[in-house]
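Below: one structure, written as structure tokens.
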Amino acid sequence: MTEKRQKTYSITDLSKEFDITTRTIRFYEDKGLISPAREGQRRIYSSRDRVRLRLIMRGKRLGFALSEIQELIDLYDTDRSEVMQLQVFLKRIQSRRDALSQQQQDITAMLSELETLEEQCSGLLKQKQR
DNA sequence: CTTCTTACA
DNA sequence: TGTAAGAA
């Protein structure tokens, strides 16, 4: 009596919910990130697919590559111990953080260079105007 | 009217 | 990823 009324969604339902186009959803499917059921040609998305899409969007926000997200998802439904899943996830987080830190340093360096260059230019201009 | 595939930008 | 085209 505890039927899990498996709610299903059309591709447009999900596209609206996540503010993405149906093209994007099919794109992710091509990449193997999601595998919705089919009713003939139509794609039928389960609540499980919906969760996956949610994970994909989160990964995207954090700047992870689709390939990285895919790996995490594959692990998620393969190794249920979740240990390996977390280990890989930690690595991803670390490398992402390293990359951002590097960018932050690069930006700081560039701002500094621009500042000195600006000073030199304005100084040179004042000389010529005298 | 909604979704699908395929091809091209 | 967006867009367009033709079929279902």
Side-chain angles (χ1 to χ4, degrees):
Chain A
M1 302 278 186
T2 56
E3 267 73 311
K4 296 175 182 176
R5 48 219 69 197
Q6 41 212 328
K7 297 180 181 177
T8 60
Y9 311 80
S10 70
I11 193 169
T12 43
D13 289 336
L14 295 183
S15 68
K16 287 179 180 177
E17 184 175 341
F18 293 101
D19 283 299
I20 55 181
T21 65
T22 58
R23 174 74 174 85
T24 301
I25 295 178
R26 298 194 185 96
F27 180 75
Y28 293 157
E29 184 181 341
D30 282 335
K31 296 298 181 182
L33 277 69
I34 46 181
S35 50
R38 293 276 186 153
E39 184 179 273
Q41 286 286 287
R42 273 86 216 283
R43 270 167 259 250
I44 306 299
Y45 298 85
S46 65
S47 54
R48 189 158 177 278
D49 293 319
R50 202 178 75 123
V51 171
R52 284 201 177 195
L53 201 49
R54 176 159 281 147
L55 290 177
I56 295 173
M57 300 312 285
R58 182 176 63 134
K60 243 184 46 175
R61 277 197 301 270
L62 295 176
F64 290 106
L66 287 183
S67 59
E68 297 178 311
I69 298 174
Q70 177 178 17
E71 188 178 351
L72 290 175
I73 290 180
D74 287 341
L75 268 50
Y76 203 82
D77 52 38
T78 297
D79 175 38
R80 287 182 301 178
S81 71
E82 223 173 60
V83 173
M84 195 185 302
Q85 222 253 301
L86 291 174
Q87 293 178 326
V88 176
F89 192 31
L90 275 180
K91 281 188 177 180
R92 293 270 174 279
I93 292 175
Q94 287 168 12
S95 62
R96 187 80 263 269
R97 175 176 291 163
D98 290 342
L100 285 177
S101 292
Q102 184 56 245
Q103 287 181 47
Q104 193 170 50
Q105 289 177 48
D106 292 341
I107 290 175
T108 298
M110 284 189 264
L111 286 175
S112 179
E113 289 181 47
L114 287 174
E115 191 176 335
T116 59
L117 193 57
E118 180 178 39
E119 290 173 355
Q120 295 180 335
C121 287
S122 64
L124 209 55
L125 182 60
K126 286 182 179 178
Q127 280 184 43
K128 291 180 178 296
Q129 292 180 322
R130 290 176 180 170

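Every value quoted in this text rests on a predicted model; they were computed, and no experiment measured them. Naming: A, B, ... by sequence-line order, numbering from 1 per chain. Quick note: numbers below take in every heavy atom, side chains included, and nothing from hydrogens, waters or symmetry partners.
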key: Nucleotides bounding contact with chain A, strand DNA chain C, heavy-atom threshold 4.0 Å   =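 With heavy atoms of chain A under 4.0 Å away, the range is C:dT1 to C:dA8.
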ask   = Can you check whether A:Ser10 has a side-chain N or O nearer than 4.0 Å to OP1 or OP2 of B:dT3?
value = yes
query = Counting just side-chain N and O atoms, does A:Thr12 come under 4.0 Å of either OP1 or OP2 of B:dT3?
reply =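 For B:dT3, OP1 or OP2 has a side-chain N or O of A:Thr12 closer than 4.0 Å.
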If I take atom [atom1] in residue [X] and atom [atom2] in nucleotide [N], what distance separates them, rounded to the nearest angstrom?
X       : N     : atom1 : atom2 : value
A:Ile11 : B:dT2 : CD1   : P     : 14 Å
A:Arg23 : B:dT2 : CZ    : C1'   : 17 Å
A:Arg38 : B:dT2 : CZ    : P     : 19 Å
A:Tyr9  : B:dT3 : OH    : P     : 15 Å

ask   = Under a 4.0 Å heavy-atom cut-off, which of residues 26-36 of chain A touch DNA chain C?
value = A:Phe27, A:Tyr28
ask   = Near DNA chain C, which residues from residues 54-72 of chain A have a heavy atom under 4.0 Å away?
value =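 Hits under 4.0 Å, by residue number: A:Lys60.
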For [X], all residues meeting side-chain hydrogen bond (donor to acceptor under 3.5 Å, both in side chains), sequence neighbours excluded:
X       : value
A:Thr24 : A:Thr21
A:Thr8  : none
A:Ser47 : none

request  = Only counting residues at least two apart or in another chain, list the ones meeting side-chain contact (heavy atoms from CB on, under 4.5 Å) with A:Asp74.
outcome  = A:Gln70
ask   = What residues, two or more places apart in sequence or in another chain, satisfy side-chain contact (heavy atoms from CB on, under 4.5 Å) together with A:Ala99?
value = none
Pair up each side-chain donor or acceptor in residues 29-42 of chain A with any protein partner under 3.5 Å, not counting sequence neighbours, and list the distances.
residue: A:Glu29; atom: OE1; partner: A:Arg43; partner atom: NH1; Å: 2.7
residue: A:Glu29; atom: OE2; partner: A:Arg38; partner atom: NH2; Å: 3.4
residue: A:Glu29; atom: OE2; partner: A:Arg43; partner atom: NH1; Å: 3.4
residue: A:Arg38; atom: NH1; partner: A:Gln41; partner atom: O; Å: 2.8

query = Does anything in residues 49-61 of chain A pair up under salt bridge (charged side-chain N to carboxylate O under 4.0 Å, His left out), and if so which pairs, sequence neighbours excluded?
reply =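 Only A:Glu17-A:Arg50, A:Glu17-A:Arg54, A:Arg52-A:Asp77 qualify under salt bridge (charged side-chain N to carboxylate O under 4.0 Å, His left out).
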query = If you look only at pairs with a residue in residues 85-108 of chain A, which of them pass as a side chain to side chain donor-acceptor pair (under 3.5 Å), with sequence neighbours excluded?
reply =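 As it turns out, the side chain to side chain donor-acceptor pair (under 3.5 Å) pairs with a partner in residues 85-108 of chain A, which skip direct neighbours, are A:Glu71-A:Arg92.
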query = Which pairs, with at least one residue in residues 110-130 of chain A and sequence neighbours excluded, count as a side chain to side chain donor-acceptor pair (under 3.5 Å)?
reply = none
query = Quick one: are A:Phe18 and A:Ile56 in side-chain contact, heavy atoms under 4.5 Å?
reply = no
request  = Decide yes or no for A:Thr22 and A:Thr12: does some side-chain heavy atom of the first lie under 4.5 Å from some side-chain heavy atom of the second?
outcome  = yes
task = Please figure out whether A:Arg42 or A:Thr24 has its closest DNA chain C nucleotide nearer the 5' end.
result =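 Upstream on the strand: A:Thr24.
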task = Would you classify A:Thr22 as touching base, sugar-phosphate or nothing, given that sugar-phosphate means primed atoms plus P, OP1 and OP2, and contacts are heavy atoms under 4.0 Å?
result =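 Nothing, no nucleic acid heavy atom in range.
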